[in-house]
Enquirer: 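Here it is: the structure, laid out below.
Keep in mind that this is a model prediction, so the values were computed, not measured. Just follow the structure's listing: the first ligand is 1, and inside any ligand the first atom is 1. Below, all heavy atoms of this structure are taken into account, side chains as well, without hydrogens, waters or symmetry copies.
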Amino acid sequence: MVRVRFAPSPTGPLHIGGVRTALYNYLFARHNGGQMILRIEDTDQTRYVEGAEEYIMNSLEWCGIKFDEGIREGGKYGPYRQSDRKDIYAKYAQMLIDNGSVYMAFDTPEELNELRAAAEKEGKTFIYNFSTRMSLRNSLSISKEEVDELLKNGTPYVLRFKVPENRVLETHDEIRGDITFNTKEMDDKVLMKTDGLPTYHLANIVDDHLMEITHVIRGEEWLPSLPLHILLYEAFGWEHPKFAHLPLILKPSGKGKLSKRDGDQLGFPVFPMQFNNNGEMCKGYREDGYFPEAFINMLALLGWNPGTEQEIFSMDELIKEFTIERVGKSGSRFDPDKTKWFNHQYILKKSAEDVAELFRKDLDARGVDYSKIDVVRICELMKERISFIHEMWDETRFFFETPTHFDEKFKKKSCKEDTAEVLETLITILDKCSDFKPETTESAVKAWIEGNEWGFGKVMSPFRLAVVGEGKGPSVFDMIEVIGKDETLKRIGNLVKELRSC
Ligand code: GLU
């Protein structure tokens, strides 16, 4: 049974890279008929941000990423928040003490800082490992009696992992293939802090083991921790899960990791939902008007390729197609325009009725009266022109309101000396139409134009100006059907008045 987990730390809003990690875990679990777990890794209390845990869970819910086990879902492997599992870690730390895999280190932060500074002066980096540990103050370098004395006096200590001196670790990553590490480059990482709380490494390994995680799929920033994790599994005598380290999401320039600053500079969010991070506002895709389906579709393709030309995938299709083998090794460049394109595609996919339902909410919020207007028809005519529902109002305003002024440039271009006269005849022609279906009005107007052997622009351009107030919009005959005969004639009359007055 495949069991995967998404294990965020509640240190702020969830970056879209994190959302993508959650998504790939979810797709992998569902594709393989497995389970998906949400575990909150909050052992580092100094980085804890109020509201971040809720935010993470709400964001993933908005994205449609579902969990089988977690804080909200429950499950038999809980608790699912690491701060609620302290006793468990204490027990496993004891196991490592008993089998000699860790040692107690009594060095104070000041002492270590001094050593770091001294090394730096010589252009070196201080590293706590086999080469230095015997000259430092820990349970390996001092006698048992001295250790007992320090403990009796309540001297604070950390537990450090005793990394073997010179071992070649060969391991495998599902994305990167075989990887080799030499332990001589590693430091004796702290596993338990002076406050008795575990660090990420210990808690993460204990939990992945106890929660029976089969595949660890996470960001590549964790690749340097992999040798330590492998050694930890070994120290416990446990088999380790399979690992897959996902490449980064890169800046639009392709240089370096996509950051909040890139988003702020170029005007796009890097978080799924808005978050107020201690007064710093973080923009969200939800608030920017993205559909979660479009956002997820975009993210899925940022690192995974289906091996075909297909770009639009529903969550079910992604689940069906997703395999780790098709996740690329190198970073994927984030493309803000392509992201908008995805939302546009999802607008196109929606029926006019569905777009209308969303647009009505926007109209309600703007206090627009649409009781006498066919909003569905407007959406049918206009949805291909927008990428977001909130763009609809600007594009369609003229359907709801009589234009109060006429675009000067377009007026100059489209209106000639005889235009007022031509429009007056147009009014009589339209007035005679038995109905206002586009076929009816179009054939009446065209017959008249052709009979006069005029070019179409002579009538159609000022006609459009009268109806819209400028040179944009769909077919004039489609528009006037929506606004109706009375309003159409009124608008043409308004332009005639304007032309006659100057
Ligand atoms: N808590 C880690 C994070 O915030 C989890 C890393 C992992 O998945 O092992 O990314």
Side-chain angles (χ1 to χ4, degrees), residues 2-29 34-49 52-57 59-60 65 67 69-71 77 79-86 89 161 171 173-176 179 189-191 193 197-233 236 238 240-249 257-260 270-272 275 277 299 303 324 327:
V2 162
R3 285 176 59 83
V4 296
R5 80 322 189 254
F6 179 54
S9 298
T11 54
L14 185 61
H15 186 275
I16 59 170
V19 180
R20 191 193 57 172
T21 301
L23 176 65
Y24 286 8
N25 272 284
Y26 176 68
L27 298 177
F28 183 77
Q35 283 162 345
M36 168 77 163
I37 292 120
L38 178 68
R39 183 174 72 225
I40 297 292
E41 301 208 324
D42 59 348
T43 54
D44 189 351
Q45 292 295 323
T46 58
R47 296 183 61 214
Y48 182 82
V49 170
E53 182 183 295
E54 278 290 302
Y55 170 90
I56 292 169
M57 292 193 284
S59 298
L60 296 170
I65 297 173
F67 292 92
E69 296 168 30
I71 292 173
Y77 293 82
Y80 292 93
R81 186 188 287 116
Q82 289 189 327
S83 56
D84 295 332
R85 298 171 64 83
K86 287 176 198 159
Y89 308 125
F161 189 67
T171 186
D173 182 275
E174 300 298 304
I175 295 170
R176 282 141 215 275
I179 317 180
K189 274 269 173 330
V190 173
L191 297 188
K193 293 171 285 182
L197 284 177
T199 57
Y200 155 73
H201 304 289
L202 178 65
N204 186 269
I205 265 58
V206 168
D207 287 347
D208 281 349
H209 174 72
L210 295 180
M211 295 181 181
E212 294 181 31
I213 300 303
T214 56
H215 296 73
V216 168
I217 305 169
R218 60 184 174 191
E220 75 172 12
E221 64 272 28
W222 299 104
L223 194 58
S225 300
L226 183 58
L228 172 68
H229 293 180
I230 303 254
L231 290 172
L232 270 166
Y233 280 102
F236 280 118
W238 299 333
H240 65 72
K242 290 198 160 99
F243 291 98
H245 289 87
L246 305 172
L248 294 175
I249 297 181
K257 185 181 161 184
L258 179 73
S259 69
K260 175 172 182 296
V270 297
F271 305 105
F275 187 71
N277 202 2
L299 270 186
I324 289 281
V327 175

Enquirer: Using the side chain to side chain contact (heavy atoms under 4.5 Å, CB included) criterion, which residues pair with Lys242? Sequence neighbours excluded.
Expert: Glu174, His215
Enquirer: At under 4.0 Å between heavy atoms, which part of Tyr200 makes contact with ligand 1: side chain, backbone, both or neither?
Expert: side chain
Enquirer: Using a strict 4.0 Å cut-off to heavy atoms of Asn204, name the atoms of ligand 1 that fall inside it.
Expert: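 The list of qualifying atoms is 7 (C), 9 (O).
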Enquirer: Report yes or no: does Arg5 have a heavy atom closer than 4.0 Å to ligand 1?
Expert: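 Right, Arg5 reaches ligand 1.
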Enquirer: Are His229 and His240 close enough, and set up right, to give a ring pair (Phe, Tyr, Trp, His ring centres under 6.0 Å), and what steps lead you there?
Expert: CA-CA 8 Å; His229 293 180; His240 65 72; over 10 Å; no
Enquirer: What are the atoms of ligand 1, with element, lying closer than 4.0 Å to any heavy atom of Glu41?
Expert: 1 (N), 2 (C), 5 (C)
Enquirer: Salt bridge check: are Arg39 and Asp208 linked by an N-O gap of less than 4.0 Å?
Expert: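 A salt bridge is present here (some side-chain N lies under 4.0 Å from a carboxylate O).
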Enquirer: Does Arg218 qualify as a cation-pi partner of Phe6, given the criterion of NZ or CZ under 6.0 Å from the six-membered ring centre and within 45 degrees of its axis?
Expert: no
Enquirer: What verdict does the side chain to side chain donor-acceptor pair (under 3.5 Å) test give for Tyr200 and Glu41, after you've listed the backbone C-alpha separation in whole Å, the side-chain angles of each residue and the deciding distance to 0.1 Å?
Expert: CA-CA 7 Å; Tyr200 155 73; Glu41 301 208 324; 5.2 Å; no
Enquirer: Among all the protein's non-hydrogen atoms, which is closest to atom 5 (C) of ligand 1, and how far away is it?
Expert: Ala7 O, 3.1 Å
Enquirer: Considering the heavy atoms of Ser9, write down every atom of ligand 1 situated less than 4.0 Å from one of them.
Expert: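 Atoms satisfying the 4.0 Å criterion: 1 (N), 4 (O).
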Enquirer: For atom 10 (O) of ligand 1, grab the closest protein heavy atom and report residue, atom and distance to one decimal in Å.
Expert: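 Closest protein heavy atom to atom 10 (O) of ligand 1: Trp222 NE1, 3.2 Å.
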Enquirer: N/O to N/O below 3.5 Å, does that happen between Pro8 and ligand 1?
Expert: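 The answer is no, given that Pro8 and ligand 1 share no N or O pair closer than 3.5 Å.
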Enquirer: Give, for atom CE of Met211 and atom CZ of Arg85, the distance between the pair rounded to the nearest 0.5 Å.
Expert: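 Interatomic distance, Met211 CE to Arg85 CZ, rounded to 0.5 Å: 3.5 Å.
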